[in-house]
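Counting starts at 1 for both ligands and their atoms, following the listed order.
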Amino acid sequence: MSTPRGLSADRLMRRFHKSVDHLRSEGVTRLLVESESPVGDSIVVDGVRLANFGSCSYLGLGTDPRLVEGAKRALDRFGTSYSSSVAYAAVGLYRSVREKLSAMLDAHVVLAPTTTLAHLAALPTLVRAGDAVLIDSAAHASMQMAVQLLIAGGTSVSQVPHSEIDELKRRVVQLLDDGAKRVWYLADGVYSMQGDVAPAHELSQLLDEHPELWVYYDDAHGFSWRGRHGRGVILDRVPWHPRMVVSVGFAKSFGCAGAAVASLDEDLVDRIELVGAPLTFGGPIPPPILGAADASADIHLSPEHPSLRDELIERISLVNRLITEFDIPSDTTNETPIWFVETGSDRTMIELTLRMKRDGFFMNVATWPAVPPGRSGVRFTVTNSHSISRIEAMLGTLAAHCRALVGTGMTIDLTSDEPVVNLGGAGTSIDVTDEYLDERRRMRS
Ligand SMILES: Cc1ncc(COP(=O)(O)O)c(C=O)c1O
C-alpha cells in the first residue's frame, strides 16, 4: 500500500472513493458471482462464464469436500455461532486447530478470526514503549492500518522503500543510535499485488547482526502452498529466528477463513492471546469455519500435501515459462502464484481487464492505493483448479492483448478460431493448440 505524500486524509479518501467508483462503473470490480456457479476454475458473472484467474485458493481447497464436510460437522455440533468472546470460553475445535497449526509451523500459535484482526491484536501487544517501527512501503493495508494504532499510542513509525535492504539497514542503525530500544520491521511474506517475496535471507542476517531488531511477517499469501506442511514461503526460505514473528491467513490457500500468529516464544504468543484487544473484545472464529480449518490442517499434515504443493509449483513454472516464451511483460522471478502486468495508467489497466473479460478470463485490477500511483496493472493468480490448457489459453490471449496495447499495431480477432495467434513485430507466434480452441469454444458456449 502506497500513499501519495502531502494529501490530507479527507482528500485521500475522496480520491479513493472516486477511483473505486470509476472501477465499479467500468465493470472490472465489485462483480457478483452468480450462485449457481459457486467457485472453482470458473465463475458466472452477469450470465457469462469466466475462467477465474482472480482466486487465491491456490491449492483449490476452498471447494474440497473434506473441508465442506468438516464445516458441516461443526455446524451440526455447535451451530452457526458460538456467541462469546474466547476470553470467556471457546468451542473445543479452537484447541484442535491451534495444535495442528502449531505442528505445521513448528511454533507456538494464537488464532484470530482474520489476518487483519491478528495484526490489530499482535502489533500493539508486541511493540513496547521506546520501540520504533519500520514498515515496508508495499506492506499490506491490514498492517498499515494496525500501525495507526501504534502511531496513536506515540510510537515512531516510518515507511522504508519496498524491499530495499540497504536502506533498511541504514534506518535500523540510525534509529538505534537515536535511542530506540528495539526496532520492528514489518513486511509481507509474499506481496499480494506483485507476487514478490520479502528478502528473507537478508532479513535473517540482519536479525543476527542486530540483537535489538525484530521482524514481523504477514505471510497470508505464502501460507499453505509452500514448504513442509505448507508452513509458508518465509519459513520455507529461512529457519525460525527467536526474534521473528510470522502471521498467516487462512482465507487464501488454506481454503477457509481465520488467521494465526506464530513465534518460538510461548510467552509472547500467550500475551497476544490474553491482551490482544480484538481477541478479547471481539467474537470468535465461527464453528463451521473452525471445522473447515481443522480439516484443512489435517490435509496439510498428511502425506497428500507434498503432491498438492508440487502440483501448484508445476503450474507456477509453466506460467513463468509461457510468460517468457510469449513475451508477456511480467516478472518471472518470484516463483509465487501471483503475477502483475504493469500498465501504468488506469485506462490501459481497465482496457486490458475488459478485453480479457470479453474473451472469457476474469482478472484483478490493481490500482492506487494497492500499488503506487501511476503504477497500475492487471494481476492474475493461478490455482490447482486450473487445467493446463486453460492456463495456456489465458496466457495466449493475454500475450495478444498486451502486444496490442503496447502499440505494436497488432490486432487480433479472438472471435475467430484461427489456429495461430500471430503476435507480429518480433516474429513471435504462438501455436495455439487444439485444447486452446476447445477451451475457447467451451467458454463461449
Ligand atoms: C498480505 C495480506 N494480509 C492480510 C490480508 C487480509 O486478510 P484477512 O481477510 O484474513 O483479514 C490480505 C487480504 O487480502 C493480504 O493479502
Checklist line | H300 and H229: CA distance, side-chain angles, deciding distance, ring pair (Phe, Tyr, Trp, His ring centres under 6.0 Å) verdict | finding: CA-CA 5 Å; H300 285 78; H229 302 314; 8.9 Å; no
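Within 4.0 Å of ligand 1, the residues that place a heavy atom are T114, T115, T116, H140, S142, D188, S192, D218, A220, H221, K252, listed by chain and number.
Y216 has its ring centre less than 6.0 Å from the ring centre of H119.
Ion pairing between a basic and an acidic side chain is recognised when a charged N comes within 4.0 Å of a carboxylate O; K100 and D298 show such pairing.
Between the side chains of D359 and H401, at least one donor N or O sits under 3.5 Å from an acceptor N or O.
Between Y191 and H162, the angle of the ring planes goes over 60°, which puts this pair in the perpendicular group of the 30/60° scheme.
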Side-chain donor/acceptor pairs under 3.5 Å, residues 145-157, sequence neighbours excluded:
residue, atom, partner, partner atom, Å
T155, OG1, L150, O, 3.4

